[in-house]
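Both counts, for ligands and for their atoms, begin at 1 and track the order of listing. Remember, predicted model here, so these are calculated numbers, not experimental data.
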Amino acid sequence: MAIITPGTRRATFAIGDERAARRVVDLLNEALDQGEAAVAAFERRDGGWDISVHFAELPDETSVRDLVGLAAGGDVAQRITFDTVEAKDWVKASLEDLVPVHAGRFIVHGRHDRARVPANRLGIEIEAALAFGTGHHGTTRGCLLLLGEVLRSRQPRRVLDLGTGTGVLAIATARALRRRVLASDIDPVSVHVARDNARLNGAGHLVKAICAPGFSAPEFARRGPFDLVLANILANPLRQMATPMAAHLAPSALVILSGLLPHQAQGVIASYRARGLVLRRHLVNGGWSSLLMQRA
Ligand code: SAM
């Protein structure tokens, strides 16, 4: 999926180190609509970091400075430069800037970094940004880290990635296990993106992507009960899904939940505990909580 515009406006600013860059990217991603802007961080040759934001429409530069000021401080906001990039796919342009994300045994990267994935890592190439999940968000990274931990001791047979976005978690699981994974999303565009990405990563035959809100398709009963469910959504939908989720779990199933802020974690844990799940791990990554829970 690509958005072609006659020329897009880009804001660029320098931002200290990698840690600061990731924090500001997260904050900007939260504040800006995905269809409105694409945010990317990249490392300069001198080791410093830059952030660029590509806008689909001409942005109000004062508002952009205000937003960056909130996320990164007034000094940084004053040093923003705006320019216009020539006509091309602006989402792709922003992805070209993305640095690979290291998450345990996984590396999520763009096409330009394909050749740089070390042999002992599993690379997942994500090229489309109209769905959520380039790996740069703390929630995706948290899920990948927990997934890596799970796969050290288990080989789940029936896997579901609920709220698949770009398909990143489904692809990671399918490739690591060499098993079929069901991926679902409420958003039809994400479903197409996930299918394309699965094919791009040689997992087209392993990842079945379907469009469905929550557990509302017959496919869930057909492909379940699941030994592992990954659900990186938001706290409220996760709480609402606790009952249907529990109904689709095999005995001792593992569930990775993310998309929640640390102060929301206890409420989500309580909802799943009430359906017979216990907390195994609570990871905080980039200001976001990821939970590993298990059906007792
Ligand atoms: N799994 C990807 C990752 O970890 O990067 C994407 C996660 S993104 C935060 C959440 C995804 O869940 C979005 O693609 C959104 O469309 C989808 N979603 C939100 N509510 C949903 C629901 N009720 N049922 C299925 N998918 C949902």
Side-chain angles (χ1 to χ4, degrees), residues 1 22 25-26 29-35 38-39 95 98 100-101 103-104 106-110 124-148 150 159-175 181-198 201 203 207-217 219-220 223 226 228-245 248 255-261 264 268 271 283 285-292:
M1 179 67 58
R22 290 204 188 289
V25 166
D26 279 353
N29 270 327
E30 271 175 67
L32 295 164
D33 247 19
Q34 264 187 9
V39 187
L95 281 171
L98 285 180
V101 174
F106 303 106
I107 294 185
V108 188
H109 62 89
I124 304 151
E125 186 170 320
I126 297 295
E127 282 298 336
L130 282 190
F132 184 107
T134 56
H136 290 77
H137 200 265
T139 58
T140 314
R141 190 159 179 270
C143 289
L144 287 171
L145 289 169
L146 288 177
L147 175 64
V150 166
V159 181
L160 168 64
D161 172 20
L162 192 83
T164 195
T166 57
V168 55
L169 303 178
I171 295 165
T173 317
R175 291 204 41 215
V181 173
L182 179 62
S184 68
D185 204 289
I186 198 169
D187 167 32
V189 174
S190 295
V191 173
H192 284 291
V193 170
R195 275 186 202 137
D196 286 348
N197 280 327
N201 283 275
V207 174
K208 165 130 196 203
I210 62 166
C211 190
F215 285 86
S216 66
E219 199 71 20
F220 293 100
R223 298 278 290 253
F226 299 101
L228 173 65
V229 177
L230 303 112
N232 177 9
I233 309 188
L234 292 169
N236 276 338
L238 284 177
R239 289 171 69 154
Q240 285 157 13
M241 275 177 209
T243 298
M245 174 94 74
H248 286 83
V255 177
I256 294 173
L257 302 174
S258 194
L260 30 141
L261 296 165
Q264 299 171 318
V268 173
S271 299
L283 199 73
N285 197 285
W288 293 84
S289 279
S290 301
L291 310 173
L292 174 65

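- Using a distance-only test at 3.5 Å, with no hydrogens or angles considered, a donor-acceptor pair links the side chain of S258 to the main chain of S289.
- Inter-residue side-chain proximity for L160 and H248 is flagged as unmet; no heavy-atom pair is nearer than 4.5 Å.
- Close approach of ligand 1 to D187 is summarised as follows: ligand atoms under 4.0 Å from at least one heavy atom of the residue are 16 (O).
- In this structure, R175 contributes its side chain and A203 its backbone to no donor-acceptor pair below 3.5 Å.
- The ligand atoms of ligand 1 that sit less than 4.0 angstrom from a heavy atom of V168 are 3 (C), 5 (O).
- Nearest-residue assignment for atom 1 (N) of ligand 1 (options A172, G163, G165; heavy-atom criterion): G163.
- At a heavy-atom cutoff of 4.0 Å, ligand 1 is contacted by no atom of S258, backbone or side chain.
- Around atom 4 (O) of ligand 1, the closest heavy atom drawn from L234, I186, I256, N232 belongs to N232.
- Distance alone, capped at 3.5 Å, is enough to place a donor-acceptor pair between the D161 side chain and the A170 backbone.
- Looking at L169, T140, T139, T164 and measuring to atom 2 (C) of ligand 1, the nearest heavy atom belongs to T164.
- Proximity annotation for atom 22 (C) of ligand 1: of C211, A212, S216, G214, G214 comes nearest, heavy atoms only.
- Each of V168, V207, I124 was scored for a side chain to side chain contact (heavy atoms under 4.5 Å, CB included) with N201, with one residue passing: I124.
- For the pair L162/F226, no side-chain contact is recorded, criterion being any heavy-atom separation below 4.5 Å from C-beta on.
- Put simply, no part of P237 is less than 4.0 Å from ligand 1, judged by heavy atoms.
- Heavy atoms of P213 approach ligand 1 to within less than 4.0 angstrom.
- Defined by atom type and a distance below 3.5 Å, a donor-acceptor pair is missing between the side-chain atoms of N197 and T166.
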